[in-house]
Every structure is written in structure tokens, then in C-alpha cells.
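What follows is a set of notes on a single structure, which appears directly below.
Below, chain A is the first sequence line, B the second, and so on; all start at residue 1.
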Number of protein chains: 4
Amino acid sequence: MIRVTIWNENYDERNGVKEVLAVHPDGIHNTLKEIIEEMDGVEVRTATLDQPDCGLSDEVLEQTDVLVWWSHKQHDQVPDELVQKIQEHVLKGMGFLPLHSSHYCKPLKALLGTTCDLAWRDDCYERLFCVKPGHPIAQGVPDCIEVGIDEMYSEPFDIAETDELIFVAWFDSGNVFRSGCTWTRGYGKIFYFQPGHETNSSYHNPAIRRIIQNGVRWLYNPKQRTTLGSPHVEVTLEEQRKQEK
Amino acid sequence: MIRVTIWNENYDERNGVKEVLAVHPDGIHNTLKEIIEEMDGVEVRTATLDQPDCGLSDEVLEQTDVLVWWSHKQHDQVPDELVQKIQEHVLKGMGFLPLHSSHYCKPLKALLGTTCDLAWRDDCYERLFCVKPGHPIAQGVPDCIEVGIDEMYSEPFDIAETDELIFVAWFDSGNVFRSGCTWTRGYGKIFYFQPGHETNSSYHNPAIRRIIQNGVRWLYNPKQRTTLGSPHVEVTLEEQRKQEK
Amino acid sequence: MIRVTIWNENYDERNGVKEVLAVHPDGIHNTLKEIIEEMDGVEVRTATLDQPDCGLSDEVLEQTDVLVWWSHKQHDQVPDELVQKIQEHVLKGMGFLPLHSSHYCKPLKALLGTTCDLAWRDDCYERLFCVKPGHPIAQGVPDCIEVGIDEMYSEPFDIAETDELIFVAWFDSGNVFRSGCTWTRGYGKIFYFQPGHETNSSYHNPAIRRIIQNGVRWLYNPKQRTTLGSPHVEVTLEEQRKQEK
Amino acid sequence: MIRVTIWNENYDERNGVKEVLAVHPDGIHNTLKEIIEEMDGVEVRTATLDQPDCGLSDEVLEQTDVLVWWSHKQHDQVPDELVQKIQEHVLKGMGFLPLHSSHYCKPLKALLGTTCDLAWRDDCYERLFCVKPGHPIAQGVPDCIEVGIDEMYSEPFDIAETDELIFVAWFDSGNVFRSGCTWTRGYGKIFYFQPGHETNSSYHNPAIRRIIQNGVRWLYNPKQRTTLGSPHVEVTLEEQRKQEK
């Protein structure tokens, strides 16, 4: 059973922004919840910025195997103390799936060590090419996906060198972008995936939905740890003697 | 002093194909020779398929620090014995720079272990984005280069996982391509660079010229080896005793 | 159901080498078969050099999801035509798990493009450290495994840059080795794992057995392909028009 | 001209710890200064924790191409504001060379996003193996270096996946360690190198000195930037129109 928590800043939705509610009547977090609930062997909950502890209490984080994240305008409203807790949970094995404008969220910046800057433009036509077609995250999707209209993100994308580059986007504005990237940090895995502007309907695209589902499954690490990092202790003589047995 | 050898199949040129001679009056190898000769500290020679030993005798290979390669229709005319010699020289430290349609040359396939297949189309508009702007090969070129009209190559590109991905191409046909890729094999480095169809003038683009020059410099390994691989010998007691001194 | 084929040169065994039969009474392939048969959802067969087609007919290869390989002295007896078929099956999605002295087998050399040379020594004490503890192949094994006596392999190991380095070995002879390495080629994955000299009993070590089982599961790609490489065809106008729909 | 700044916490030295002063009579920073000054085309200065602004004012950072770092017990005395400035300079192109116990310094943790934990032990015998012998940082040193007695560091080492792994250490205590690692962040490069405990004389070992010199040269990026990250701005129609010219 993979325990998935979907976090959304839920800002435009609470402020009744019509263009967003038209695509996501119950909020982006519930659109994503529907996608994950199509999977077998998952348990899904949602959390939003407006809830106590931003919806991410220690209990909730303890019970989360994969954290899906969507934020855009409220990145700075996430307390640094929570950011550090999320980072520590990733290092202990929690999967992390920041979507679209979450490229700019504090937890991803803290895990990558870069600015995560990019250039952008609204409403461009996007095609997504798979450059690692044998990867589990690419299972069951065509080598080229017609995303349709979404927000354009453009290189240079200021990220740490990817462990794996899986998808590269083409935009009719004349731009390309590393849209599907993975990294490992400690026992945890990270998958950044670009599509999903709040006013576009990419999350209703079957191929995009499949990639998010594949991502959640790939991010799941059954070997959760209770401690952080390696034991920062002195190695004793016992260890040295082991080999002489 | 970097000793550069530029190899060209020189097929269209010898057959008087007007469209090619219009862009490369003295052959593609001489167009490339002009580019390299703009550099300081280089010694350049050319070699072509029609010469004895395909222009690549043991002596020539021994005296080559960086081998620049351009082939398109005559890949199969390169003898397997020569392909193996080239591969061995790369493993010993010779740099290798296959250009454009040379993605399909035998030496690159032998070094990567894949088919190097792709999809293509003539005369599309190309823009080149740098995704690793701090890399020596990207020095002095803008983050986005307007290549203009060149042959479109499209993902999926069936190559071994790159050590470094430096450039990604955008084509107005709706395609993207990993246009600047590096790999290490033994003591040698490889840089594949996509622009340069025989009937297009990309090699007259200052940014493309600069990238080829940067590539030659980056590929140069002063630590050439005389033997191939590691010493495949038994480690003696002497080695074990070293540490007890 | 993962269909696993275990290939062994079966040379010492057929020649009645006592030291080998003492550890592997039914041959190394059957020792490995026992390990894989402890897994759920697998179907295992063995094949040996002495069989027709080296035991690897087109039918067998077609029905193989993961190929486990053990060879030592008979590498050169594997026909180049079979090597090419194995390489093509890997590129189409077959997993490949060369063990111990198979670092030197023809299919691995063809897939990596290097000599795969190393230095070695018999009967040293080995400890195996995990440097990527969150990886599926490392699930359920300690960060440091006491392998015991096995053949020492030493750096420099002349391989293509690894996609992932999972295990590094320590030997009391004063040597280290990249003992657990992965690569991707086309749709296929490769996992090289060093322990398992024919006269040592590493394959009876529970942690080593678990790693081999994890490796088989990780190597399995359900998305097998029927064609090799990308479609090396011209992209038609249709494709260009797609985006304008 | 490469402008190198060597930073040292200078704590044991100021407190007159005999064992340290016996090896580094003028402080570790001056031992390192001697090493760098053997190079051509460098300009070296030192900075220590006890100086105003920890010796790293904005002016000093602006004038630094490569920052060499040595800290052990005083990591926490480096203000977070300075850590952020160092990180930003790396992202803009400053090279960073943290040595030995600096694996644990705040700037490296901020750039990698991990704990950088490890296990350790004093005074073990170390041998250093090169696993990427063609790399510029390995130029002119043997494939196996007898370091002698130094502090043992052991895997698992909790770092971000390396861009390049160049050296792996063997210790007679029965441990291995990724002793020479590189990463890219933004326009900057990072090289972590393990040898150099304060009471051991590794920095007097010619091969270790050569590696530090090679590292400084490799870390140097002549393409310094004035701005941080990519321009996080909206792409205008002008850019879209470029391609139609």
C-alpha cells in the first residue's frame, strides 16, 4: 500500500479565480487525487496551505510514502521549519513529486541546491518527447505526446545535474525544456514533471495522467528509514576485527 | 600542440553534387579545417575515404590527438578492422568528434553499444539551447543559438546514456533532439554534435564554429596511453605488501 | 511472470574440476537457478555453452526477459553472431546480468564499448559496501556485507561510465572495485555484479543471493519491443501538421 | 590568472594544538597556499574564521575564482548569510574545493541538499585508487596512490549523486570511501577531496599535492556571471518571432 499525500497551495481556488475553477472545480489537489486513485494499492489524502501546519503535521509526514506537490504563487508562505522536515523525510526515503510551477518550491530548491530559475510564457502548444523510453516512468506512453496548450517553460533551467532525464518538451514558441527529471537524495527519489498550468487541462490528458501514476509508483521506496543520514559515529575496533574472523 | 585529423567520406564532393559543392567548394573536410585552424596551438590535417587506408594509416592515428569525423552515405565502406583501431585509440586517449550524420558511423556505434537510430527530415528551422551553460564546450556562445535551416533530427535518439548533455535542439517541424552529447570511454572523450547537413551552411555560423573549436580543446587529453585497457594481470604479493611498509 | 534464462559456460564442471564441483555439484547455473527460484513470479531455465546454439536459440532469446550470464575461460567460444543477437535483445528490453568473471564476456564488451579489463588475485577477503542504499537492488541488505573469501578484482576497471554505482568492494589485498554497476542500453538494463568465483561460496551468502534476486526484478522491463532502435525513417508532413490541429 | 582564496577555520592552530602545529606550523591554510603557489598563473590569498566577515567579505568573494575550504570543528560558526553568499557565487561560476572534514561544511550541504554524513576513524592506512584515469584532475598521478596514515572515512557517504567519481579510497580498517567527487551547480563546479586530517601529513604527499593543483585548474570557470540563475522573466513575442526571420 503506497500512502500518497497531495499538497496544493489552493490559493486561486480559495480566491474563486474562475479560470482555475473552470478546470479544477474542487481544486487542483482533487484533480490530482482522482489521477492517483485510478491506481491499485494506493491510499490518497490531500493537504493544503490553508490548513493547520499547512496540512503537513509530523503525523501526516510520518504516514506519507510519496508527497505530490503543487504550488505557484505562495511558495514563500511555506515555513522554513516545514521545508526542513520535508527535506529530512525525503532523505529518509519519502518520494517527492513536484509538479509544474513547483519547480520553484522551497523543498525542491533545498534538495537541489540551485535557484531552479527558468523562462516562461502562457498558452503555448506543447509536445513532450521521451528520451529514455525504457524507463518505468515512461511505461505505456507514446514516444511523443501531444500535450496541447500549456504554460511554456524554457531552458536554461537552473537545476542540479539530473540523475535521469526522461522527457524533453517542445513548444511552438521556439523553446525546449527538460520536463521530466529525476534525482536521488539519501534514500529518497525525486521526480519533477512540468505540465499542469492551473488554467490548462493537461491533467485530463491520459498520457500525462499515466506518467504521474508511473511516477508515484517509481518514487515509492518500501525501505523507509527512521534515522537521518549515515550514523555519524566513530568506527570501533570491532569493525576492524570483523574481517579477521 | 593539439594534433587534429579531420576525416570526411568525401563522397558527394567527388561525385560533383552541386548542392554540396555550393556550400563546401573544397569539401566538408576543408570547411572544417578552416574552423579548426582559427584556433591557437593546433596542427590540422585531413583524411578521406578515397585515400589509401581510408587516409587513416597506423601512423596517422598514432599522431592524432583529436579525430573529427563526417560521414553520411558511406558508413559501411569503413573496414571493421579500421573501426576497431579507432575504438582502441579512443580508449587510449584520442578525442573523437563525430558530426551530424556521423551519429551513424561505425566507430560511434562500437563505442556506445547502441543503434544510434533517430528520425529525420530535411530543411527545418533549428534553434539550439544550452542546458549546461557552465561547460567548457559552451564557453562564449549564447544560451540560445539561431542555427537557421538544417536537417532535423528527432528523438528518440538511441544512444548510451550521456555523461553530459550540453545542447538540446528545437526544430519548427515540432521535434527536439539531444544535439550536443559527451561520453568517456577509457582515457578518451567523445563529443557528438548534430548541426552540419551537407547542403546547409551551419558550419559558417560563428556560434557553431566556436562550439566545434571548444569541443576540440575539451576532447584533447595530454595523457595519451601506449597500452590498451588496464593491465589484465594478476596482482602479486608485492602489491599487497606495499601497505605494510 | 519474469522469464529468466541462466547461461553458464559449464566448462570446469564438464571437465570434472573437483574444486568447482565441490561448491557447485550441479554446475554454477544450477546454483544460480536455486537462487532465482526462491523468488515469486519467475520462470527459470538454464542454458550452457555445450548445448546446440550454445543453448540460446532465437526461440529461447525471444522468451527471455532477463539473461543471467556466467563465463570465465570460454568467452571466445561464444560466436559473434550470437553476441550480436544478445545485444539486440538487450536494446529491445531484455535485462542482462553478467556475474563475476563475465565482466569479460563478449556481450558486455559490445554493450559498453570498452575492454572491461581489470587486475585480479585469488582468495582475498572481501567486504562489500553499498554506496546507493536507497536503490531497489540494495533492498534488504546491510550497508556493509561480509562476503568472505572471493577472487579479488581491482580498479582501474575499464568500463563505460556507470549509470548507477551501487556497490564498492574492499579487499584485504589493499584493493577496491566497483562491484555493482548498472547501465541502460536502448530499452534494456544491465547490472554487473562481481562476487562469485567458481571455487568460492559467495553464492551461498544470503545477502549476495538477495542482491541477485533484487537485480533480476530490477532488470525486468515489461515493455518489450519487437523492433530494434528508433524507426530510422523520414518524418512526414503529417507529423509536422499534428501540432496545428 | 586564476584567483584562489584558501579558507581555514584556523581553530586548532590558534589554540596552539601541538599535534596540528607540528604538521602545519603556519596553519593548514598556509600549507595549502604553498601547494597552490607551485602552479603557474595563480594568485593566492588566505582567509580564516577569526578575521572580520570570516575573512570573506563581498569584495573578497567577488575577486575569487576558486575557493578552497578546510573546516572541522567550527562548521557552525560560519553565519548562514555567508553560506548563502558562497552558494550564490558558486552558482555564478566560482569553483569550490572542500577538503577532508569540510565534507560537513554548511556551503557543501547547501549545494548538495544532503546530510553529508559518514563514519570515521583516526589513523588508518589509506590507498587511493583512480576510477576515472583520463580525467584532468587525475593527470600525472598513478592509478593507485599510497597515501599512508590519514583519518579513515567510510561509506555510506550521504551525498547527492556525483556528476563524476574520480577517486575511491581503501583503508586498512576494512572500509572504502568515495574520496574524489565532482558536481556541477549552476555555472560553478565542485570538487570534494578527502585526504588531509589535521594531524597527518597527506598534504606533503606529491600525488595529493598534484591532485589539489589539478582540481583548482579544473574548477576554474573563466565565464563568470554577474547574475544569479536564469532570467526568471516572461519570454516575449519578439523571441517567438526570431525564428520566423
Might you confirm whether atom [atom1] of [X] has over 12 heavy atoms from other residues, nucleotides or ligands at distances under 6.0 Å?
{"X": "Tyr11(B)", "atom1": "OH", "value": "no"}
{"X": "Gln63(C)", "atom1": "CD", "value": "yes"}
{"X": "Tyr203(B)", "atom1": "OH", "value": "yes"}

* Asked: Considering residues at least two apart in sequence or located in another chain, which fulfil the side-chain contact (heavy atoms from CB on, under 4.5 Å) criterion with Val23(C)?
  ->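 With sequence neighbours excluded, Val23(C) shows a side-chain contact (heavy atoms from CB on, under 4.5 Å) to Ser201(C), His204(C), given in chain and number order.
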
* Partners of Glu151(B) by side-chain contact (heavy atoms from CB on, under 4.5 Å), sequence neighbours excluded? ->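 Testing Glu151(B) for side-chain contact (heavy atoms from CB on, under 4.5 Å), a comparison that skips the adjacent residues, returns His100(B), Trp120(B), Asp122(B), Tyr153(B), His197(B).
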
* Would you mind checking which part of Leu112(B) comes under 4.5 Å of any heavy atom in chain C, side chain (CB onward), backbone (N, CA, C, O), both or neither? =>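 Backbone of Leu112(B) only, per the 4.5 Å heavy-atom cut-off to chain C.
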
* Could you look at Ala160(B) and say if it's the side chain, the backbone, both or neither that has a heavy atom under 4.5 Å from chain C? =>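 Both parts, backbone and side chain.
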
* Indicate yes or no for a side-chain donor-acceptor contact from Arg185(C) to the backbone of Asp158(B) under 3.5 Å, with no hydrogens or angles considered. =>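 No.
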
* Gln87(B) (side chain) donor-acceptor with Gly113(C) (main chain) under 3.5 angstrom ->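 A pair under 3.5 Å: yes.
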
* **Heavy-atom pair count under 4.5 Å with chain C, highest-scoring of Val90(B), Thr184(B), Asp163(B), Ile159(B)** =>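 Option with the greatest count: Asp163(B).
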
* Straight-line distance of Glu88(C) CD to Thr114(B) OG1, nearest 0.5 Å ->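 Separation between the atoms: 12.5 Å.
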
